[in-house]
Amino acid sequence: MSISLQGSPDLKAAREVADYLGTVHHEFHFTVQDGIDAIEDVIYHIETYDVTTIRASTPMFLMSRKIKSLGVKMVISGEGSDEIFGGYLYFHKAPDKDEFHRETCRKIKALHQYDCLRANKATSAWGLEARVPFLDKEFINVAMSIDPEAKMIKKDEGRIEKWVLRRAFDDEEHPYLPKHILYRQKEQFSDGVGYSWIDGLKAHAARHVTDKMMFNASFIFPHNTPTTKEAYYYRMIFERFFPQNSARLTVPGGASVACSTAKAVEWDAAWKNNLDPSGRAALGVHLSAYDAETPLSNKPSKVIDSIPRMDFPGVAIQS
């Protein structure tokens, strides 16, 4: 099953894999406006104001609703693989294998605040159960015992992100996946559903959060002060549902590039002016990276005024 905006990077790849494997494929489409309309419900159910979690939780929330309507009770999801194997694009800049390993440990220990939070609550909101085989304890123990040197990304040797996992499925005689899919560049979920999703969210937030509100942000939200209009917009909604101080303290903060921890931002000096959890913020790595000239918080976003409504009845099923 897959969900995305029409023409997204993930849509084509998911359809191609389903055709290659001969599986029944359920393809769901949503629009930017559909996602925006669901933001308040998403924040209520996910219980966070973290930007990247909300960006990714929204399409997963919409997909879970549709999956449940089909009578499906349980799904298998891939959370944890990027944390264990260094799959995020910022791992390209890891200075050495020791720091690479330390970052994977930091990411795994924070999963309950990010990806696992999303996977658990976006599905549970509709009574759907998500199981995460990559986070099986025995599998984690084996994978984290691998010399991190084998996980390091080395372009000159043709080794990209999540190299160990990709190589394990690279069987010349009995291929599991087409080569170009197996070695496709990492796309974070919130990017893979369509680049206009994040751009649309930023544009929507810009219409609801003024420059004056941002100027006073540190006084209104002294803890984890939002640094972008998008973050401010999510924070306003969160505070309306969960005004208690104990609630806001449960949400992590700190700088991030392409889902990195704050510590990993130090790996590349160019990142400090382009702090955004999108994979496209991995300057010099992502094939469709943001323009390095302008800080992301100041980048103009295209305002989307007329967007077609969601059309869930038109579910494409292929076999």
Side-chain angles (χ1 to χ4, degrees), residues 1-4 8-27 56 75-105 107-108 111 115 119 130-193 258-260 264 279-280 282 284-289 318-319:
M1 296 185 178
S2 64
I3 184 169
S4 66
S8 75
D10 280 355
L11 195 66
K12 180 177 180 294
R15 188 185 302 129
E16 189 172 349
V17 168
D19 290 342
Y20 185 82
L21 298 177
T23 61
V24 176
H25 183 51
H26 297 258
E27 190 176 280
V75 294
I76 295 176
S77 194
E79 277 69 31
S81 63
D82 289 311
E83 287 74 14
I84 294 170
F85 294 104
Y88 294 108
L89 294 182
Y90 73 89
F91 275 96
H92 279 249
K93 299 297 180 74
D96 53 57
K97 71 173 188 178
D98 293 331
E99 183 57 21
F100 187 105
H101 181 71
R102 283 191 289 266
E103 177 66 4
T104 58
C105 291
K107 291 292 293 180
I108 291 170
L111 270 169
D115 291 46
R131 298 185 184 180
V132 285
F134 282 116
L135 294 176
D136 174 83
K137 291 182 179 179
E138 291 186 15
F139 180 81
I140 292 176
N141 286 335
V142 171
M144 294 303 289
S145 297
I146 298 172
D147 185 347
E149 178 66 29
K151 300 179 183 179
M152 288 283 286
I153 299 162
K154 299 182 179 181
K155 286 185 177 180
D156 56 335
E157 297 180 16
R159 287 167 48 173
I160 63 173
E161 62 278 359
K162 251 183 324 196
W163 170 254
V164 173
L165 184 60
R166 296 174 193 266
R167 188 69 183 87
F169 285 87
D170 191 351
D171 189 322
E172 294 289 349
E173 293 186 9
H174 305 286
Y176 292 92
L177 294 168
K179 283 277 190 180
H180 66 282
I181 297 290
L182 184 61
Y183 291 102
R184 177 184 172 222
Q185 186 179 65
K186 161 72 180 176
E187 283 284 15
Q188 290 171 203
F189 188 28
S190 52
D191 290 319
V193 296
C259 283
S260 74
R280 290 182 290 163
V285 179
H286 197 290
L287 298 177
S288 299
Q318 301 177 352
S319 61

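Atom NZ of residue Lys155 and atom CD1 of residue Ile160 lie 10.5 Å apart, to the nearest 0.5 angstrom. The line from CZ of Phe100 to CZ of Phe85 is 10.0 Å long, rounded to the nearest 0.5 Å. Taking CG from Leu177 and CD from Glu16, the interatomic distance works out to 10.0 Å, rounded to the nearest 0.5 Å. The NE2 atom of His25 sits 8.0 Å away from the CG atom of Asp19 when rounded to the nearest 0.5 Å. Summarising the geometry, atom CD belonging to Glu161 is positioned 11.0 Å from atom OG belonging to Ser81; distances are rounded to the nearest 0.5 Å. Here the straight-line distance linking atom CG of Leu111 with atom CD1 of Ile84 works out to 8.0 Å at 0.5 Å rounding.
At least one side-chain heavy atom of Phe134 sits less than 4.5 Å from a side-chain heavy atom of Leu165. Side-chain contact between Ile140 and Leu135 is present, with heavy atoms from C-beta onward closer than 4.5 Å. You'll find the side chain of Arg102 reaches within 4.5 Å of the side chain of Asp98, heavy atoms only. Looking only at side-chain heavy atoms (C-beta outward), Ser2 and Arg15 stay at 4.5 Å or farther from each other. Looking only at side-chain heavy atoms (C-beta outward), Arg159 and Arg167 stay at 4.5 Å or farther from each other. Using a 4.5 Å heavy-atom cutoff, the side chains of Lys151 and Phe91 are not in contact.
Counting only distance, with no hydrogens or angles, the side chain of Lys186 and the backbone of Lys162 share no donor-acceptor pair below 3.5 Å.
A salt bridge links Asp10 to Arg184: one of the charged nitrogens lies within less than 4.0 Å of a carboxylate oxygen. One finds a salt bridge joining Glu172 and Lys179 here, because a Lys/Arg side-chain nitrogen approaches an Asp/Glu carboxylate oxygen to under 4.0 Å.
Atom NZ of Lys154 has more than 12 neighbouring heavy atoms from other residues, nucleotides or ligands inside a 6.0 Å radius. The environment of CD in Glu157 is crowded: more than 12 heavy-atom neighbours from other residues, nucleotides or ligands sit within 6.0 Å.
Under the side-chain contact (heavy atoms from CB on, under 4.5 Å) test applied with Thr104, the options Glu99, Met144, Glu83 reduce to a single match, Met144.
Contact detail for Ala264 and Tyr90: the closest heavy-atom pair is CB-CE1, 3.7 Å. Residues Met152 and Ala94 come closest through the heavy atom pair CE-O, 3.9 Å. Among all heavy-atom pairs drawn from Ala150 and Val164, the shortest one is O-CG2, 3.2 Å. Residues Gly158 and Trp163 approach most closely at O-CZ3, 3.4 Å, considering heavy atoms.
Taking the centre and axis of the six-membered ring of Tyr88, the NZ or CZ atom of Lys107 falls inside the cone set by 45° and 6.0 Å.
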Are Tyr176 and Asp171 close enough, and set up right, to give a side chain to side chain contact (heavy atoms under 4.5 Å, CB included), and what steps lead you there? CA-CA 7 Å; Tyr176 292 92; Asp171 189 322; 4.2 Å; yes
